[in-house]
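Only heavy atoms go into these numbers, but all of them, side chains included; no hydrogens, no water, no symmetry mates.
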Amino acid sequence: MNFEKIILSDALTTKGAGMTARGVCTSSYRLDEKGGGVDLSEFIKGEHRYLFFWLSVNEEHSAPFSLYLYSGSRMVFEVRVGILPGVPTPVTIDAEWFDGHVLFPKGNAGELKVVCHGGRVDRRTVERAEFMSLPSYHELSVTMSDPVMTDECPEASVFGERTGKFAGLYEPLSEFEYSGGTLVDIFGQNKRKTWQGKIKSEAELKARMNEMYREAAGGYPSDDFSMYGGYKGKKLGDGTGFFTKYKADGRWYLADPEGYAFFSMGPDCVGVSVDCRISGVEGWLDALPDGDDPEYEKMTRRGRDGEKIAFSYQQANLYRAFGKGWYDKWREMVVSQLKGAGMNTLGNWSDGRLFGATKMPYVTSLPRFPYTKVNIFRDFPDVLSPEYEASAKSSAKELERHRDDKYMIGYFLRNEPNWAFVNNLVIADEVLINPADTYCKRELIAYLTEKYKTPSAICEAWGHKTKISDFGELSGGVKYKASELSAAANEDMREFSRRMLRAYVEIPCRECRQVDPNHMILGMRWAWISDPDLATGWECFDVFSINCYAVDPTPSIQNVVNLGVDLPVMIGEFHFGALDAGLTSTGLEGVRTQRDRGIAYRYYIERAAAHPNGVGCHYFQCYDQFVLGRFDGENYNIGLFDVCCQPYPLMFEEIRAAAEDIYPVMSGERAPVTDKAESIPMIAF
């Protein structure tokens with residue numbers, strides 16, 4: 001690992017506006033494959049709120065960087081940011097992020113997704129900070145310039161015309177001068193790369209689209225598929241009229257409404273959304289379509305001031321090819337393409353207009369998970385309050401419209417709760433740290449009062465930091481994580497955390513069952529099992545769901561089983577990306593080529609099917625993300641289709657082969673494939 005130190009005191013620091021940031025100091029680095037970077041400890045040990053600098057990645061692909069905070073040898077917090085290639089990028093680090101309250105902070109133009117990993121950190125306990133590139137498959141050339149520490153949020157008035165407003169979800173991004181020409185063509189493709197399948201003209205686009213439409217007519221690839229996409233070769237029962245779970249031959253299955261075995265396969269996000277982020281970077285784009293055409297206006301998202309915020313290149317390309325009837329043709333085409341490859345499920349976040357109109361099974365989510373006005377930590381509600389229970393009743397009513405739909409497999413309660421991104425979080429700690437007067441805090445204090453009876457008893461059990469003369473003193477907020485005080489404190493806080501987690505799960509499940517007794521509850525779609533206690537309340541589900549980005553999902557599925565969960569396990573997200581098409585980032589699992597993406601897909605899904613609890617895998621996602629970033633900055637080559645709605649043929653070959661194998665693999669008649677794709681370090685954020 002190569003590592004250099006940048007002395008921030010050599011750069012400009014300020015507590016006010018009016019400085020000139022450009023040209024103060026510039027450093028170029030050649031970072032080896034293991035990664036490298038600079039020491040930023042001076043910022044962490046100081047008192048300034050913001051650190052600003054310019055960063056350029058001098059490659060054809062994006063690169064992820066992380067600011068790591070250390071206490072001793074232990075890394076306690078990470079801020080990760082993705083950087084577009086070849087674009088001088090303003091990077092801002094806000095020290096207030098270190099309290100853990102935000103998972104996805106705002107970013108600037110040129111920055112892609114920004115993510116904070118870790119729980120609450122006291123800046124004063126951080127001993128060093130390193131800003132590092134993540135491992136790559138080759139050396140990286142980067143340039144870092146003009147670091148500035150400041151107490152004011154960097155804005156145009158501070159740094160001149162090349163920076164602008166701080167960014168957020170569908171808020172204006174910083175806009176700055178870029179002299180390298182436009183980066184995106186009229187079809188939404190990367191102008192700086194060439195690859196097989198790149199569309200070169202509108203005539204070519206129309207011809208290719210119409211050819212795909214003609215070729216896509218049809219349904220599932222063989223008569224082995226039931227009308228619901230199940231496997232006629234294995235009948236599990238008479239059928240309930242709805243999708244259900246079924247245990248047979250020592251393993252879990254899903255059964256379709258007719259009782260046939262059903263392994264759920266299909267992509268998430270089957271839809272052509274308006275999520276290509278264009279605000280602040282219009283100068284990087286070839287001209288958008290004529291705004292006088294009302295059809296194109298429907299494909300544009302505008303802010304409160306009328307500014308264009310986002311655009312849908314997929315919709316525009318479909319309109320160019322098919323005219324005003326593009327949506328109906330697209331709907332017919334995409335469903336036929338998926339069914340023809342043996343896929344039988346529209347995954348989460350798919351276009352709701354497809355449900356019921358296409359006779360293709362689907363999963364969905366509660367449109368709104370129960371909430372409270374005051375949260376405990378990030379998005380964890382005050383679950384012991386009457387407000388949470390009332391919100392659960394209101395949220396469950398959204399299921400009424402799906403209640404009798406035989407094509408709905410089931411519904412997730414929610415996706416990747418932000419609070420659970422903190423490994424081994426003891427949520428009861430946050431109850432005491434949060435100064436708010438919550439129902440959870442009242443119940444926790446009552447629980448401790450009942451257990452210890454006197455303040456002196458809890459002080460003795462919890463250790464020297466606990467100095468209270470009355471239990472009520474805990475209500476004002478504390479400055480420490482109680483679970484770390486002693487073994488007794490840890491036991492107390494974890495016990496109460498499990499009570500909160502059970503309420504978090506049981507209350508919405510109960511209300512949902514009352515509204516919709518016909519469909520399966522598919523769980524929470526945990527990003528990962530960041531703490532064993534996340535299995536609390538699993539008995540309320542029909543299926544336990546996780547998102548699992550890996551080469552082989554077997555260990556993650558088995559981890560769920562090892563926690564005592566006796567349920568089918570569904571994987572809500574996985575993907576593989578490469579750099580040989582138009583995008584500049586791979587996503588969370590990187591491989592070399594488009595063929596490798598297909599090989600990796602098949603290897604993954606057949607291993608999920610081989611596990612006795614594996615019942616489905618949903619690929620994330622249907623279409624590639626936008627080269628300059630979708631709404632949150634992700635720009636991954638992870639689609640089954642590109643921005644011009646063309647399927648990746650080498651990937652679809654492996655998808656069809658996996659669909660043919662899946663039920664023999666489930667039954668043990670055939671072993672899963674052993675061919676593995678060549679992996680490369682991820683380019684993801």
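At a threshold of 4.0 Å, the pair R630-D632 counts as salt-bridged, since one of the basic side-chain nitrogens sits closer than that to a carboxylate oxygen. A salt bridge is defined here as a Lys NZ or Arg NE, NH1 or NH2 lying under 4.0 Å from an Asp or Glu carboxylate O, and R208 with E211 meets this definition. Taking the charged nitrogens against the carboxylate oxygens, D379 and R414 do have a contact shorter than 4.0 Å, which makes a salt bridge.
A side chain to side chain donor-acceptor pair (under 3.5 Å) check over residues 326-339, counting only residues at least two apart or in different chains, returns the pairs Y213-E332, Y327-D351, Y327-R353, D328-R331, W330-Y623.
Using a 4.5 Å heavy-atom threshold, the side chains of H618 and I571 count as separate. Annotation: side chain of I683 is in contact with side chain of L579 (closest heavy-atom distance under 4.5 Å). Contact annotation: the side chain of I638 never approaches that of E589 to less than 4.5 Å [non-hydrogen atoms, C-beta and beyond]. At least one side-chain heavy atom of E573 sits less than 4.5 Å from a side-chain heavy atom of E416. Side chains of L84 and L112 form a contact here, defined as non-hydrogen atoms less than 4.5 Å apart. Between Q594 and N637 there is a side-chain heavy-atom pair separated by less than 4.5 Å. A heavy-atom distance below 4.5 Å is found between the side chains of F52 and P90. By the 4.5 Å heavy-atom criterion applied to side chains, L183 and K191 are not counted as neighbours.
Between the side chains of T92 and N108, a donor-acceptor pair is found at a separation under 3.5 Å. Looking at S62 and T584, their side chains do bring a donor and an acceptor atom within 3.5 Å of each other. No hydrogens or angles considered: nothing links the side chains of N348 and Y362 as a donor-acceptor pair under 3.5 Å. A side-chain donor-acceptor contact under 3.5 Å links S279 and E307. There is a side-chain donor-acceptor pair under 3.5 Å between E78 and S66.
Proximity of the aromatic rings of Y313 and F311 is defined here by a centroid distance below 6.0 angstrom, and this criterion is met. A distance of 6.0 Å or more separates the ring centres of H117 and F77. Ring centroid separation for the pair F131 and F53 comes in under the 6.0 Å cut-off.
Taking OH of Y549 as the reference point, atom NE2 of H575 lies at 5.0 Å (rounded to 0.5 Å). With values rounded to the nearest 0.5 angstrom, D624 atom CG is found 11.0 Å from S585 atom OG. Between atom CH2 of residue W97 and atom CZ of residue R49 there is a gap of 9.5 Å, rounded to the nearest 0.5 Å. Residue R592 holds its CZ atom at 4.5 Å from CD of E678, rounded to the nearest 0.5 Å. Between the CD1 atom in I605 and the CD atom in E654 there is a gap of 12.0 Å [rounded to 0.5 Å]. In this structure, S133 OG and D32 CG are separated by 7.5 Å, a value rounded to the nearest 0.5 Å.
Relative orientation of the F685 and Y636 rings is tilted, given thresholds of 30° and 60° on the angle between their planes.
Judged purely by atom type and a 3.5 angstrom limit, N344 uses its side chain to pair as donor or acceptor with the backbone of M265. No donor-acceptor pair under 3.5 Å is formed between the side chain of T182 and the backbone N or O of V184. A donor-acceptor contact shorter than 3.5 Å links the side chain of R597 to the backbone of F576. Side-chain atoms of S136 come within 3.5 Å of backbone N or O of H138 as a donor-acceptor pair. Side-chain atoms of Q646 come within 3.5 Å of backbone atoms of G197 as a donor-acceptor pair (strictly under, hydrogens ignored). With hydrogens and angles ignored, the 3.5 Å screen pairs a side-chain donor or acceptor of K198 with a backbone N or O of K193. No donor-acceptor distance shorter than 3.5 angstrom exists from the side chain of H101 to the backbone of R378, with no hydrogens or angles considered. With hydrogens and angles ignored, the 3.5 Å screen pairs a side-chain donor or acceptor of N635 with a backbone N or O of V627. Between the D580 side chain and the T593 main chain, no donor and acceptor come within less than 3.5 Å of each other. When atom types are taken as modelled, the side chain of S312 and the backbone of V274 share no donor-acceptor pair closer than 3.5 angstrom.
Between A316 and Y296, the shortest heavy-atom contact is CB-CE2, 3.9 Å. Contact detail for L40 and M144: the closest heavy-atom pair is CD2-CE, 4.3 Å. Across every non-hydrogen atom of Y68 and L134, the tightest pair is OH-CD1, 3.9 Å. Across all their heavy atoms, F104 and N418 have their closest contact at CE1-OD1, 4.2 Å. Here the shortest heavy-atom pairing between F626 and R277 reads CE2-O, 3.5 Å. V272 approaches Q315 most closely through the heavy-atom pair O-NE2, 2.5 Å.
In this structure, the ring pair (Phe, Tyr, Trp, His ring centres under 6.0 Å) partners of Y137, at least two apart in sequence or on a different chain, are H61. With sequence neighbours excluded, the residues that form a side-chain contact (heavy atoms from CB on, under 4.5 Å) with E204 are I199, K200, S201.
For the ring pair (Phe, Tyr, Trp, His ring centres under 6.0 Å) with Y619, the qualifying choice from F574, F652, Y604 is F574, the only one to do so.
Judged by a 6.0 Å distance limit and a 45° cone about the ring axis, R525 is positioned over the six-membered ring of W349.
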